[in-house]
Structure formats: C-alpha cells, structure tokens
Amino acid sequence: MILSLGSDHGGFPLKVEICGRLREEGHEVIDEGCPSPDAVDYPEIAFSVADDVVKGRADLGILICGTGIGMSNAASRVNGIVAALCTNSFMARMSRLHNDANVLCLGGRVVGDELAWDIVKTFIENAPLTDEKYIRRRGKVSSYTNEEA
Ligand code: RB5
C-alpha cells in the first residue's frame with residue numbers, strides 16, 4: 001500500500017515512529033514533512049497529504065499534530081477527503097467501514113506509540129463502506145453545500 005504521511009512539530013516524533021514501522025512492513029511511504037521538530041504551520045502539511053490522496057498518489061493518508069484536531073479540520077476542507085481523528089482502534093475500524101475515511105488523524109500528544117500503531121494498522125487493514133446505508137450516508141455528506149445556488 002502507498003501511504004502519505006505528514007505531521008507538524010507536535011506530531012513529529014510519532015510520525016517518525018509510524019513511518020519506520022510502515023516501511024518495515026513493506027509499505028511505500030510518502031513523507032510530506034515536516035522534516036524536523038522545528039515549528040511549522042499544520043495546514044500546509046495537511047493539504048499536501050490530502051492532495052496525494054485525492055490525486056491518487058497515495059491509497060490513504062495519515063496526519064499527526066499535537067491533538068489531531070487541526071489536521072482533521074484542515075484535511076476535511078479538501079474535496080474528496082474524509083478525515084477521521086481517532087483515539088482508539090474501534091474508531092479507526094468504524095471510520096473505514098461506516099464513514100469511508102481516507103485520512104487518519106492522530107494526536108501525537110494524545111496517544112502513545114503502541115496505541116497509535118494499533119490504530120494505524122486497524123485503519124489500513126479495513127476496507128471502506130461495506131453496506132448500502134453507509135454509502136448513502138457518505139453521499140449525503142459529500143454532496144452537501146451551504147453555498148447559494
Ligand atoms: C502545535 O502546538 C499544536 O497546536 C498543533 O500540533 C495541533 O495540536 C493543532 O491542532
């Protein structure tokens with residue numbers, strides 16, 4: 001699988017850990033930064049990873065900031081992205097099966113390495129949308145707009 005990963009400084013140590021483990025397992029990893037623990041603005045990283053996913057350069061994305069909140073907010077603004085902030089493996093599984101999530105968001109200051117790794121594995125091992133009702137609901141989310149016609 002090809003995975004696009006990105007973090008800001010708040011998620012940098014966890015991103016390094018997850019990148020290493022994914023590569024050890026034979027996955028191809030696109031590292032969209034940040035390249036060091038120096039402070040960066042998380043939206044720029046979020047949009048790079050989201051772009052990799054919507055343009056088909058990656059199968060799935062993983063974004064890590066301090067809480068995961070900023071990354072999930074930013075990635076969710078990109079058409080075609082369903083970002084899911086997960087703090088446990090049940091959420092990761094449901095985000096694929098029920099919500100069609102294609103970008104996993106983690107809080108590097110919230111979850112430890114082992115829990116994060118379990119969440120990542122669960123996310124990438126589960127197929128999206130296995131039931132018609134979930135597909136219908138996903139369609140309602142993606143087609144909504146509050147802009148004037
Ligand atoms: C950086 O200090 C922190 O604000 C950021 O990593 C993230 O948690 C934002 O949502």
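Counting from 1, the numbers follow the sequence of the chain as shown. Just so you know, ligand 1 is whichever comes first in the structure, and atom 1 is the first atom listed for that ligand.
Taking the ring axis of Phe123 as reference, the NZ or CZ atom of Arg96 stays within 45° of it and closer than 6.0 Å to the ring centre.
In this structure, the protein non-hydrogen atom closest to atom 10 (O) of ligand 1 is Gly70 N, 2.9 Å.
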**Prompt:** What do the steps show when you test Arg138 against Val82 for side-chain contact (heavy atoms from CB on, under 4.5 Å), and what is the final call?
**Reply:** CA-CA 9 Å; Arg138 165 78 175 92; Val82 178; 3.3 Å; yes
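A salt bridge does not link Arg21 to Glu25: none of the charged side-chain nitrogens sits closer than 4.0 Å to a carboxylate oxygen.
When Asp8, Leu85, Ile69 are checked for heavy-atom proximity to atom 5 (C) of ligand 1, Asp8 turns out nearest. Taking only non-hydrogen atoms, the option from Thr67, Val110, Asn73 nearest to atom 8 (O) of ligand 1 is Thr67.
In this structure, CG in Asn79 is found 9.5 Å from CD1 in Ile81, a value given to the nearest 0.5 Å.
Less than 4.0 angstrom separates atom 2 (O) of ligand 1 from at least one non-hydrogen atom of the protein.
A donor-acceptor distance shorter than 3.5 angstrom exists from the side chain of Asp59 to the backbone of Ile2, with no hydrogens or angles considered.
Set against the non-hydrogen atoms of Gly66, the atoms of ligand 1 under 4.0 Å away are 5 (C), 6 (O), 7 (C), 8 (O).
The proximity of Arg109 to ligand 1, defined as any non-hydrogen pair under 4.0 Å, is limited to the side chain.
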